[in-house]
Amino acid sequence: MLFGRILEITEDSVKVENISGKVQTSILGVHVVFEEKYKIVGEISAVDDKTITCLLVGEFIDGEFQGGLEHKISPNSEIRPVGKEEVINLLGEQSIDTPNSLYIGKNITYEGFNVSADINELFSNHFAIIGNSGSGKSCTVARLFQNLFYRRENVPINSRFALFDIYGEYHVALDMINRTDYCRCKYLTTDTSKSFDNIVKIPPYLLEVDDIALLLNATSPMQLPLIEKALKYVYLFTEEEEKVRAYKNNIIAKAALDILTSGRNSTQIRDQIIAVLTTFNTADLNLNSEIAQPGYVRTLMQCLNIDATGKLNTIQLVTEFLESFINTELSLSSDMKPKFYGLKDLYNAFEFALISEGVLKSDTVYDMNNVLKVRLDSIIHGNYGKYFEVDEYITKADFIKRLFTSPSGEKVQIVNFNLNYVDERFAKTLTKLYSKIFLDYAVTLSDNSEFSVDIILEEAHRYVKNDSDLEVLGYNIFDRITKEGRKYGVLLGLVTQRPSELSTTALSQCSNYIVLRMFHPDDLSIIKSITHSVSEHDIDKLKTLTSGTAMCFGTAFKMPVYAKIDKPNPTPTSNNVSVTNQWFVKVTGTNSNAPQVAKSMQQTIDDKKTIETFQ
């Protein structure tokens, strides 16, 4: 018998007389019921030889545990430990193969009991897995996937996960899923030396204005109109010349007329017009186009000659010729969009957009926008261009369908994107592009049950943070998903070691958290601020958790519970470098100088001990 009378009741705790007079640390974390009219539950947080302190965590109402208190505790309550069925009610379903729950791990307080999460609450809401380096985050992610897919009866065949694997850690850990009868994990990599089918691919024609802004690292909202114009002009480079010639003539003529009226000197005007018409021309409008006058015919190039006084004496003639191509009623309609185009077509469209409608009049505006074209060119001619090389047109719906289909035609439940072969900025860009494609597609569906996907972001603090997207686009795609995605079935799983560096908007929208060992005060402060259900006692406990042990809380759990997560089989390739394995070699000869060095070192140590003893 341990519990005597109630000594003190505060808003969130109760002190009880310890009638055993012994300090029994084995009862720490155990739950007790204060029962009179109501059944109020407390967790033993401290014990000495005189008192036992219990934190109040909730109550049993009609046999079900509910976090938080609706009723006041009575000083005359009977105090007893929780029973077996009550423990199950606190920790969740004990079976590891049900459609309603996901086995997380073994409870560290109640031996032989499992901790489970409500599977609908966990995966139909945003969630976060948080822990310092070495705390077991990667193993936790791998084990949760294995717990979900290594099932014999209730198999999640219709689930979809997009895992963005920054270090390429999960390929081995998840490949065993392909040996099951019904589930598949697809591996896509940024390693361009692999086969075409295994390389990350995004069709350029599926990208919209905001996507191109992300791809080209736009830094100002003033660059968006040029991107929008380029996407419109790409039609001119994918259709037959006869079909689009009048549109091209109209744009080229306007650009040349802008240069003529720019106020620059004659040499600058001539050189700019020649540069434009050298790059952009048609059969009707080019430097060799003939301008007829009574008695003679000159080419446009000849009309651009500068006379002895330094003037373009045929400027009126050139102006009239260019004006003959202007058609104010001619514009590209919304239905004039190419189905298929590549980045090179888009590059040509960017060049065309740069010469149109006054851009050439301002060096500042031109330079600001020209940098986008330069970045696009570097992608096309660099290794990153391969991620946008596709050979056929498919709709966004078919693109996503193919993404979650194996080469043999089987349904894929996990797509593992290995981003280890690109730099951090481009990995962030690819992740944003895929995430935006998922959300944009889901928004178009009238029935939300048609499509859902959980996007798992490893090293989420690198991606989900307050960056320039908000200033350029007016939103950050991950913040937008955390705010809007749940109703469309697009969910985020954030895996991070630095929650304090995450976007506060994104983290605050998570409904569930699996928190492993944490040390940093800023990170601990973030965890504490997430929910009122986590106490100071829980925060302090996070500092001493062993690797692979986690505090789990949120809507998928009845209360904050601690679970020892099973080691995944196979494990992810996320172990630290073994210094002992890499550094040391057993030599065959005699390291002749070593004994003398060792003797000298020992003498130094002995001298230090003598000095310390004397002091």
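What you are looking at is a predicted structure, and each value in this text was computed from that prediction instead of being measured.
- For the side-chain hydrogen bond (donor to acceptor under 3.5 Å, both in side chains) test, no residue two or more places apart in sequence or in another chain qualifies with T482.
- Partners of H71 according to the ring-ring contact (aromatic ring centres under 6.0 Å, His included) rule, which considers only residues two or more places apart in sequence or in another chain, are Y38.
- Looking only at distances, no side-chain donor or acceptor of E471 sits under 3.5 Å from a matching main-chain atom of S468.
- Applying the side-chain hydrogen bond (donor to acceptor under 3.5 Å, both in side chains) criterion to N217, with sequence neighbours excluded, gives no partner residue.
- Considering L494, L144, I456 in turn, L144 is the only one that fulfils the side-chain contact (heavy atoms from CB on, under 4.5 Å) rule with I129.
- Of the possible donor and acceptor atoms, none in the side chain of D479 sits under 3.5 Å from a partner among the backbone N and O of T505.
- The ring-ring contact (aromatic ring centres under 6.0 Å, His included) test applied to F65 returns F60, not counting sequence neighbours.
- Annotation: ring-ring contact (aromatic ring centres under 6.0 Å, His included) contacts of H171 (sequence neighbours excluded): Y187.
- In terms of modelled atom types and a separation under 3.5 Å, the side chain of T546 and the main chain of T549 share no donor-acceptor contact.
- For residues 465-515, the ring pair (Phe, Tyr, Trp, His ring centres under 6.0 Å) pairs, not counting sequence neighbours, are Y513-F553.
- For the residue pair N418 and T190, no side-chain donor N or O sits within less than 3.5 Å of a side-chain acceptor on the partner.
- Residue pairs meeting the side-chain hydrogen bond (donor to acceptor under 3.5 Å, both in side chains) criterion with at least one partner in residues 173-185, sequence neighbours excluded, are D175-N178, R184-E410.
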Legend entry - Working for side chain to side chain contact (heavy atoms under 4.5 Å, CB included), residues L542 and I539: CA-CA 5 Å; L542 288 175; I539 296 298; 4.3 Å; yes

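- By the 30° and 60° cut-offs, the orientation of the rings of F127 relative to F123 is perpendicular.
- Looking at residues two or more places apart in sequence or on another chain, you find no side-chain hydrogen bond (donor to acceptor under 3.5 Å, both in side chains) involving N569.
- Looking only at distances, a side-chain donor or acceptor of N89 sits under 3.5 Å from a matching main-chain atom of G63.
- Residues L91 and F113 share a closest heavy-atom pair of CD1-CB, 3.6 Å.
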Inset, instruction - In sequence, state the C-alpha distance, the side-chain angles, and the governing distance for D211 and K436, and then conclude on salt bridge (charged side-chain N to carboxylate O under 4.0 Å, His left out). - result: CA-CA 8 Å; D211 304 315; K436 187 172 178 299; 3.4 Å; yes

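- Between the D469 side chain and the G474 main chain, no donor and acceptor come within less than 3.5 Å of each other.
- Between the E484 side chain and the V490 main chain, no donor and acceptor come within less than 3.5 Å of each other.
- In terms of the ring-ring contact (aromatic ring centres under 6.0 Å, His included) criterion, residue partners of F145 (sequence neighbours excluded) are, by chain and number, F161.
- In this structure, the side chain of E59 does not engage the main chain of K39 through any donor-acceptor pair within 3.5 Å.
- Side-chain atoms of D522 and S525 form no donor-acceptor pair, as typed in the model, at a separation below 3.5 Å.
- Using a 3.5 Å distance cut-off with no hydrogens or angles, the side chains of K465 and N476 do not pair a donor with an acceptor.
- Under the salt bridge (Lys or Arg N to Asp or Glu O under 4.0 Å) criterion, the residue pairs touching residues 546-567 are E64-K558, with sequence neighbours excluded.
- With hydrogens and angles disregarded, no donor-acceptor distance shorter than 3.5 Å links the side chain of D398 to the backbone of R402.
- Contact between L206 and I394 at its shortest, heavy atoms only, is CD2-O, 3.9 Å.
- Residues forming a side chain to side chain contact (heavy atoms under 4.5 Å, CB included) with E501 (at least two apart in sequence, or on another chain): H461, R498.
- Within the 3.5 Å criterion, the main-chain N or O of S95 finds a donor-acceptor partner in the side chain of E93.
- With hydrogens and angles left out, the side-chain atoms of S133 and Q497 include no donor and acceptor closer than 3.5 Å.
- Heavy-atom minimum distance, L2 versus Q24: CD2-NE2, 3.2 Å.
- For N154 and D97, the side-chain atoms include at least one donor-acceptor pair closer than 3.5 Å.
- For D191, the side chain to side chain contact (heavy atoms under 4.5 Å, CB included) partners at least two apart in sequence or on another chain are T189, S193, K194, Y421.
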Inset, instruction - Could you give me the CA-CA distance, side-chain angles and deciding distance for L102 and L148, then say whether side chain to side chain contact (heavy atoms under 4.5 Å, CB included) is met? - result: CA-CA 7 Å; L102 175 67; L148 182 61; 4.0 Å; yes

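- Ring orientation note: the planes of F404 and F451 are nearly perpendicular, at an angle over 60° on the 30°/60° scale.
- Tested against F417 for a side-chain contact (heavy atoms from CB on, under 4.5 Å), the candidates D165, L403, I166 yield a single pass: L403.
- Using modelled atom types and a 3.5 Å distance limit, the side chains of T98 and N100 yield no donor-acceptor pair.
- The main-chain N or O of D48 is found under 3.5 Å from a side-chain atom of N18 such that the two form a donor-acceptor pair.
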